[in-house]
There are 2 protein chains.
Amino acid sequence: MDREKITAAAVRLLDADGLAKFSMRRLAAELGVTAMSVYWYVDSKDDLLELAMDAAEGELDLPDPADTEADWREQLRHLAYEYRRLFNVHPWVSQMVGSYLNIGPHAMAFSHAAQGIMRRTGLPAPQLTGAMAALFQFVYGYSTTEASWNGRCRAAGLSADEYLSTVYGKIEGRAEYEDSLRLMEQGGGSTVHEMRERDFTVALDCILAGMDALTVATHTTRDRAENPHGPSQPAQSAQRP
Amino acid sequence: MDREKITAAAVRLLDADGLAKFSMRRLAAELGVTAMSVYWYVDSKDDLLELAMDAAEGELDLPDPADTEADWREQLRHLAYEYRRLFNVHPWVSQMVGSYLNIGPHAMAFSHAAQGIMRRTGLPAPQLTGAMAALFQFVYGYSTTEASWNGRCRAAGLSADEYLSTVYGKIEGRAEYEDSLRLMEQGGGSTVHEMRERDFTVALDCILAGMDALTVATHTTRDRAENPHGPSQPAQSAQRP
DNA sequence: ACCTGAACACCGTTCAAGT
DNA sequence: ACCTGAACACCGTTCAAGT
């Protein structure tokens with residue numbers, strides 16, 4: 001029995017039954033021990049949850065910080081997909097990220113990696129943190145919603161598409177809700193999964209294109225006239241015109 | 001005693017003491033009634049929380065749907081700030097939006113309003129939902145993080161700036177964490193509040209600029225050559241070239 | 001140093017009973 | 001139709017006691 005074993009067991013239980021059903025007593029039972037013995041290694045339930053959260057964040061595949069040749073766009077995309085995967089694999093993490101401080105070593109390594117890539121966008125410092133927030137807070141919000149939807153599907157014993165039908169059942173008839181449905185149909189994509197993949201990709205495209213636009217906007221008017229299509233090369237070069 | 005009075009009391013209690021301290025028993029006490037009498041009006045705690053959430057969402061100031069003259073950029077900004085304000089005024093809503101279904105009448109009115117504006121961006125249907133997700137999931141993620149930070153400040157009895165100092169205290173010394181601090185300093189802005197306002201504004205700029213870029217990208221190459229600076233007029237016109 | 005048992009102050013919800 | 005009391009099966013955490 002040590003902190004690591006306890007944290008690992010907590011992650012296992014959280015993955016299996018979710019945050020709502022997780023309790024110190026159930027964890028202790030899982031470890032074959034009395035509820036209170038866990039408190040010798042851990043100050044409180046919240047403390048343990050923060051340990052579990054950081055452990056899960058340790059599974060993120062971060063880019064090699066030495067690889068400054070790589071395209072920052074590709075690296076940001078990779079990090080975004082990794083972050084999304086985290087919330088889908090460990091839905092309880094997404095319920096906690098918004099409420100906890102999140103300064104464990106793995107969380108810090110992640111944001112450090114993100115900052116390293118962001119520096120290579122060519123964005124000036126005052127805009128860099130805002131653009132970073134645009135990207136990663138989007139991924140957090142999107143993935144949280146997505147993961148909780150999946151959770152409700154599992155709880156109801158339905159596929160994502162079946163569950164969507166039942167939701168539309170509750171909504172149909174109310175005039176104002178119907179064009180919500182039309183919008184989805186117009187968007188194309190026959191399954192929930194397809195629509196979600198497309199929306200996520202498009203949103204990433206949107207935010208990355210926005211970063212390019214912000215970078216261009218910091219050029220002089222003359223620069224812009226010479227380079228009307230925006231920076232199609234790594235925008236690093238925009239820093240030293 | 002009716003559903004509305006119960007919902008209003010729930011909102012009051014949630015605002016005052018937060019989601020963690022909210023219980024059916026405390027709510028009943030507040031209403032001067034036994035715990036179980038609430039269950040005559042409401043099926044479960046989750047049900048009541050959904051009612052409370054939708055009630056809070058009713059406070060959102062939505063744009064007049066008849067006003068099709070207005071600049072969609074301004075309207076999206078307005079809606080984004082309103083959404084953010086909701087999460088800051090009722091932090092418990094942000095803890096729930098990610099986990100609940102959110103198909104109450106006020107929630108639907110909000111997303112209906114958002115869709116109405118998005119249609120006027122000129123984005124083709126398949127990209128519209130993705131771009132909308134980019135904007136509003138960002139606002140949700142950002143505001144949730146922001147609101148929970150404020151909550152921890154209040155709990156610790158510190159101002160946002162004082163609290164930031166204590167967090168930096170925990171971090172300092174660890175090599176990799178230090179350039180996180182540098183980044184914030186380089187970004188400028190002397191207070192947490194200033195930095196947050198700037199980041200939020202920049203992120204909105206980024207995402208809206210991204211929408212413009214996506215719209216431009218759907219033009220033919222010939223169109224693009226004729227209009228190198230992207231759509232500076234309402235992009236509606238881009239729909240009929 | 002590590003673990004336990006009993007206890008405290010709570011939960012959400014069921015269910016039979018009251019008026 | 002509306003409300004109550006007692007009860008069930010849980011919580012996180014404290015604290016004195018064991019080994």
Side-chain angles (χ1 to χ4, degrees), chain A residues 1-55 91-93 95-96 98-101 148 151-152 154-156, chain B residues 1-55 91-93 95-96 98-101 148 151-152 154-156:
Chain A
M1 271 276 276
D2 59 353
R3 259 163 100 107
E4 255 183 68
K5 231 163 235 155
I6 291 173
T7 306
V11 170
R12 217 180 324 121
L13 232 63
L14 286 161
D15 285 344
D17 303 323
L19 184 57
K21 295 201 164 178
F22 177 81
S23 78
M24 297 301 271
R25 285 169 142 108
R26 273 164 55 94
L27 174 66
E30 180 83 2
L31 290 163
V33 94
T34 264
M36 296 323 299
S37 74
V38 179
Y39 280 91
W40 205 88
Y41 300 93
V42 145
D43 281 346
S44 67
K45 190 189 182 184
D46 275 354
D47 251 54
L48 175 54
L49 286 176
E50 268 180 274
L51 290 173
M53 179 169 62
D54 201 64
W92 49 275
V93 173
Q95 294 177 264
M96 291 172 52
S99 327
Y100 286 71
L101 191 45
S148 92
R152 276 192 305 276
R154 240 176 293 122
Chain B
M1 272 274 278
D2 60 352
R3 258 163 101 107
E4 256 183 69
K5 231 163 234 155
I6 290 173
T7 305
V11 170
R12 218 181 321 122
L13 231 64
L14 285 161
D15 285 344
D17 303 322
L19 184 58
K21 294 202 164 179
F22 178 79
S23 79
M24 297 300 269
R25 287 168 140 109
R26 272 163 56 94
L27 173 67
E30 180 84 1
L31 290 163
V33 94
T34 262
M36 295 323 300
S37 75
V38 179
Y39 279 92
W40 204 88
Y41 301 92
V42 145
D43 281 346
S44 68
K45 190 189 182 185
D46 274 353
D47 250 54
L48 176 55
L49 286 176
E50 267 180 275
L51 289 173
M53 179 169 61
D54 201 63
W92 49 276
V93 174
Q95 293 177 263
M96 291 172 52
S99 327
Y100 286 72
L101 191 45
S148 92
R152 275 192 305 274
R154 241 176 292 122

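The chains referred to below are lettered A, B, ... by the order of the sequence lines, with proteins before strands, and numbering in each begins at 1.
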Counting side-chain heavy atoms from CB outward, which of [options] is closest to [X]?
| X | options | answer |
| --- | --- | --- |
| A:Lys45 | C:dC3, D:dC2, D:dG12 | D:dG12 |
| B:Arg26 | D:dC11, C:dC11, C:dT13 | C:dC11 |
| B:Met36 | C:dA1, D:dC11, C:dT13 | C:dT13 |
| B:Tyr41 | D:dT4, D:dC2, C:dG12 | D:dC2 |
| B:Tyr39 | C:dG12, D:dC3, D:dG5 | C:dG12 |

Mind calculating the distance between [atom1] ([X]) and [atom2] ([N]) to the nearest angstrom?
| X | N | atom1 | atom2 | result |
| --- | --- | --- | --- | --- |
| B:Lys5 | D:dC2 | NZ | C1' | 15 Å |
| A:Asp46 | D:dT13 | CG | C1' | 12 Å |
| B:Leu31 | D:dC2 | CG | P | 16 Å |
| A:Trp40 | D:dT19 | CH2 | C1' | 14 Å |
| B:Asp2 | D:dC3 | CG | P | 10 Å |
| A:Asp17 | D:dC10 | CG | P | 13 Å |
| B:Asp47 | C:dT13 | CG | C1' | 13 Å |

ask   = B:Ser37 side chain N/O closer than 4.0 Å to the phosphate oxygens (OP1, OP2) of D:dC3?
value = no

inquiry  = D:dC3, OP1 or OP2 - any side-chain N/O from B:Thr34 closer than 4.0 Å?
reply    = no

Which atom names give the shortest non-hydrogen contact between [X] and [Y], and what distance separates them?
| X | Y | value |
| --- | --- | --- |
| B:Ala10 | B:Ala52 | CB-CB, 4.5 Å |
| B:Met53 | B:Tyr100 | CE-CB, 3.7 Å |
| B:Arg25 | B:Ala35 | CG-CB, 3.9 Å |

key: D:dA7 and C:dC11, which share atom name C1', separated by this distance in whole Å   =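 The same atom, C1', in both gives a distance of 14 Å.
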
Interatomic distance at C1', C:dC3 relative to D:dA16, whole Å =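 Result for the C1' pair: 13 Å, nearest Å.
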
message = So does A:Ser99 get a backbone contact from the side chain of B:Arg152, meaning a donor-acceptor N/O pair under 3.5 Å?
response =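 Yes: the side chain of B:Arg152 pairs with the backbone of A:Ser99.
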
request  = Check for a donor-acceptor pair, side chain of A:Lys21 on one end and backbone N or O of A:Arg26 on the other, with a separation under 3.5 Å.
outcome  =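 Checking the backbone N and O of A:Arg26 against the side chain of A:Lys21, no donor-acceptor pair under 3.5 Å is found.
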
request  = For D:dT4, give its Watson-Crick or G-U wobble partner with both distances under 3.5 Å, or none.
outcome  = C:dA16

request  = Please tell me which of B:Arg25 and A:Arg25 maps to the more 5' nucleotide of DNA chain C, matching each residue to the nucleotide holding its nearest heavy atom.
outcome  =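 This one resolves to A:Arg25.
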
request  = Describe the nucleic acid contact of A:Met24 in one word from base, sugar-phosphate, nothing, applying a heavy-atom distance below 4.0 Å.
outcome  =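 Sugar-phosphate, no base atom in range.
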
